[in-house]
Amino acid sequence: MPELFDNHNRRIDYLRVSITDRCNLRCIYCMPGKGAPHFKKHKDILTYEEIELFVSHAIKQGISKVRLTGGEPLVRRDVVDLIKSLSGLPELHDISLTTNGILLADFADVLWEAGLKRINISLDSLNPEKFKCITRIGNLSAVLNGIQKVFEIGFDPVKINAVVLKGINDDLSDFIKLTFNYPVHVRFIEYMPFSKQIGLERFVSCSEMMEKLNKFGKLEETDSPTGSGPARYMKFKGALGTLGFISPMSNHFCPECNRLRLTADGKLKTCLFSNDEIDVIGPMRNNHPEDAVKEVLRQALEKKPKDHSTARKNHFMRTMFQIGG
Ligand code: SAM
Ligand code: SF4
């Protein structure tokens with residue numbers, strides 16, 4: 001098996017692919033508040049054929065895990081066809097998807113049949129009003145129906161991602177209850193200040209979250225459901241599920257970083273906190289695709305920063321819906 005190593009000797013085997021910057025929600029920490037967000041034109045985003053080509057050539061170089069994200073991946077037409085063709089790539093060990101879950105109840109069956117076996121659902125609150133406040137327009141029951149459906153079908157693991165915001169959804173007790181009733185992995189994520197809508201006064205660190213949770217009982221350290229990744233996992237005795245903590249702000253996981261991100265408009269990002277991007281769409285459309293993929297990966301491995309120290313933390317050119325979380 002080929003392997004990719006960056007200039008800091010980290011093995012890079014994980015690619016996150018954003019397939020659209022469009023979304024059916026408007027989360028306050030991700031999307032601008034007033035006016036329509038500026039979405040890319042169709043001709044300026046990678047086609048499914050280009051995504052598949054990129055992934056298949058990247059696999060030949062050493063990528064073995066792919067996550068589809070967005071924007072909201074389930075709003076792009078024929079997403080199931082893309083999943084079917086990617087999951088048919090023999091050397092791809094792992095394909096997963098991150099969704100806000102709004103359309104999941106309708107899609108869960110066909111996603112499973114297309115080869116998707118595990119899923120991450122972003123859900124910041126189990127309270128309908130708080131959910132509406134965070135997503136601006138979301139209907140909580142649609143997401144809950146989707147979660148119910150993926151459990152019935154047998155997706156495993158099912159992970160829920162919750163960005164914790166002070167004074168909005170930092171009462172984590174509903175999520176604890178969920179881990180007692182379902183074998184679900186709830187991962188609490190520190191807010192990253194990409195958006196101008198929410199200030200750092202809303203930031204809650206993972207250690208503050210753990211302190212809060214410890215008041216409900218003794219948390220015990222446990223293994224990651226997938227054996228790797230940036231989250232630290234814990235559980236309450238007797239719970240079916242776990243609680244994970246992802247701390248991009250307070251405790252960087254740069255030394256273990258194994259990922260690259262491909263944006264919907266075909267730019268390769270080597271670090272979430274860096275504005276640097278390597279153009280992929282141009283080289284893929286103008287050169288032999290396999291050579292183009294090899295070359296952009298070579299550049300990415302050379303440029304991937306050692307850590308966040310060079311990042312301009314208060315001047316991000318894109319927020320998460322444009323990057324792909
Ligand atoms: N729309 C899909 C969803 O929400 O799951 C996929 C894309 S979304 C950009 C991916 C993840 O990024 C979500 O879990 C979301 O909560 C997270 N995210 C977006 N903006 C964030 C921010 N400013 N800080 C931390 N996480 C953020
Ligand atoms: Fe859409 Fe996901 Fe961003 Fe929310 S976090 S606005 S669901 S892309």
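A donor-acceptor pair is defined here as one N or O able to donate and one able to accept, closer than 3.5 Å; no such pair exists between the side chain of Lys132 and the backbone of Arg136. Side chain of Asn169 to main chain of Asp124: a donor-acceptor pair is present (N/O by atom type, distance under 3.5 Å, no hydrogens or angles). No donor-acceptor pair under 3.5 Å is formed between the side chain of Ser274 and the backbone N or O of Cys271. No donor-acceptor pair under 3.5 Å is formed between the side chain of Asp279 and the backbone N or O of Lys267. Judged by distance alone, with hydrogens and angles left aside, the side-chain atoms of Thr263 form no donor-acceptor pair with the main-chain N or O of Ile323 at under 3.5 Å. A side-chain donor-acceptor contact under 3.5 Å links Asp170 to the backbone of Gly167. Although no hydrogens or angles enter the test, the distance criterion places no donor-acceptor pair under 3.5 Å between the side chain of His185 and the main chain of Thr226. Remark: side-chain polar atoms of Thr47 are paired, donor with acceptor, to backbone N or O of Glu50 under 3.5 angstrom. With Arg11 contributing its side chain and Asp6 its backbone, the two residues share no donor-acceptor pair below 3.5 Å. With hydrogens and angles disregarded, a donor-acceptor distance shorter than 3.5 Å links the side chain of Gln322 to the backbone of Thr319.
Checked against ring pair (Phe, Tyr, Trp, His ring centres under 6.0 Å), Phe180 has no partners two or more places apart in sequence or in another chain.
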Apply side-chain hydrogen bond (donor to acceptor under 3.5 Å, both in side chains) to residues Arg202 and Tyr29 and explain how you reach the verdict.
CA-CA 10 Å; Arg202 293 282 183 203; Tyr29 49 71; over 6 Å; no

Might you work through the salt bridge (charged side-chain N to carboxylate O under 4.0 Å, His left out) test for Lys269 and Glu277, ending with a clear yes or no?
CA-CA 5 Å; Lys269 282 188 80 77; Glu277 297 179 347; 3.5 Å; yes

Check against side-chain hydrogen bond (donor to acceptor under 3.5 Å, both in side chains), Asn127 and Ser125
CA-CA 5 Å; Asn127 171 305; Ser125 178; 5.0 Å; no

Starting from the C-alpha separation in whole Å, work towards a yes-or-no answer on side-chain contact (heavy atoms from CB on, under 4.5 Å) for Arg22 and Arg76.
CA-CA 8 Å; Arg22 291 168 196 252; Arg76 183 159 174 190; over 6 Å; no

Kindly indicate, with the supporting measurements, whether the criterion side-chain hydrogen bond (donor to acceptor under 3.5 Å, both in side chains) is fulfilled by Glu72 and Thr99.
CA-CA 6 Å; Glu72 171 49 39; Thr99 172; 2.8 Å; yes

List the steps, then state whether side-chain hydrogen bond (donor to acceptor under 3.5 Å, both in side chains) holds for Ser18 with Arg261.
CA-CA 8 Å; Ser18 171; Arg261 288 183 163 81; over 6 Å; no

Residue pair Lys177, Asp174: steps toward the salt bridge (charged side-chain N to carboxylate O under 4.0 Å, His left out) verdict
CA-CA 5 Å; Lys177 281 186 211 137; Asp174 284 352; 3.6 Å; yes

Residues Glu221, Arg232; criterion salt bridge (charged side-chain N to carboxylate O under 4.0 Å, His left out); working and verdict:
CA-CA 8 Å; Glu221 200 99 26; Arg232 178 178 170 199; 2.8 Å; yes

Could you give me the CA-CA distance, side-chain angles and deciding distance for Asp265 and Lys40, then say whether salt bridge (charged side-chain N to carboxylate O under 4.0 Å, His left out) is met?
CA-CA 7 Å; Asp265 60 346; Lys40 294 281 172 188; 3.4 Å; yes

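A salt bridge is defined here as a Lys NZ or Arg NE, NH1 or NH2 lying under 4.0 Å from an Asp or Glu carboxylate O, and Arg298 with Glu302 meets this definition. Ion pairing between a basic and an acidic side chain is recognised when a charged N comes within 4.0 Å of a carboxylate O; Lys149 and Asp109 show such pairing.
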Pair up each side-chain donor or acceptor in residues 86-95 with any protein partner under 3.5 Å, not counting sequence neighbours, and list the distances.
unit_1	atom_1	unit_2	atom_2	d
Ser87	OG	Ile83	O	2.9
Ser87	OG	Lys84	O	3.3
Ser87	OG	Ala114	O	2.6
Asp94	OD1	Arg118	NE	3.0
Asp94	OD2	Arg118	NE	3.4
Asp94	OD2	Arg118	NH2	2.8

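Under the side chain to side chain donor-acceptor pair (under 3.5 Å) test applied with Glu190, the options Ser247, Ser205, Ser250 reduce to a single match, Ser250.
Residue-environment remark: NZ (Lys306) stays at or below the threshold of 12 foreign heavy atoms within 6.0 Å. For Tyr182, the OH atom sits in a loose shell: 12 or fewer heavy atoms of surrounding residues, nucleotides or ligands are nearer than 6.0 Å. Counting heavy atoms of neighbouring residues, nucleotides and ligands inside a 6.0 Å radius, atom NZ of Lys65 exceeds 12 of them.
Phe175 and Phe188 have perpendicular rings, their planes meeting at more than 60° on a 0 to 90° scale where under 30° would count as parallel.
Ring to ring, Phe321 and Phe194 are not that close: their centroids are 6.0 angstrom or more apart.
Side-chain contacts under 4.5 Å among hydrophobic residues (ILVMFWY), followed directly or transitively, place Ile45 with no other residue at all.
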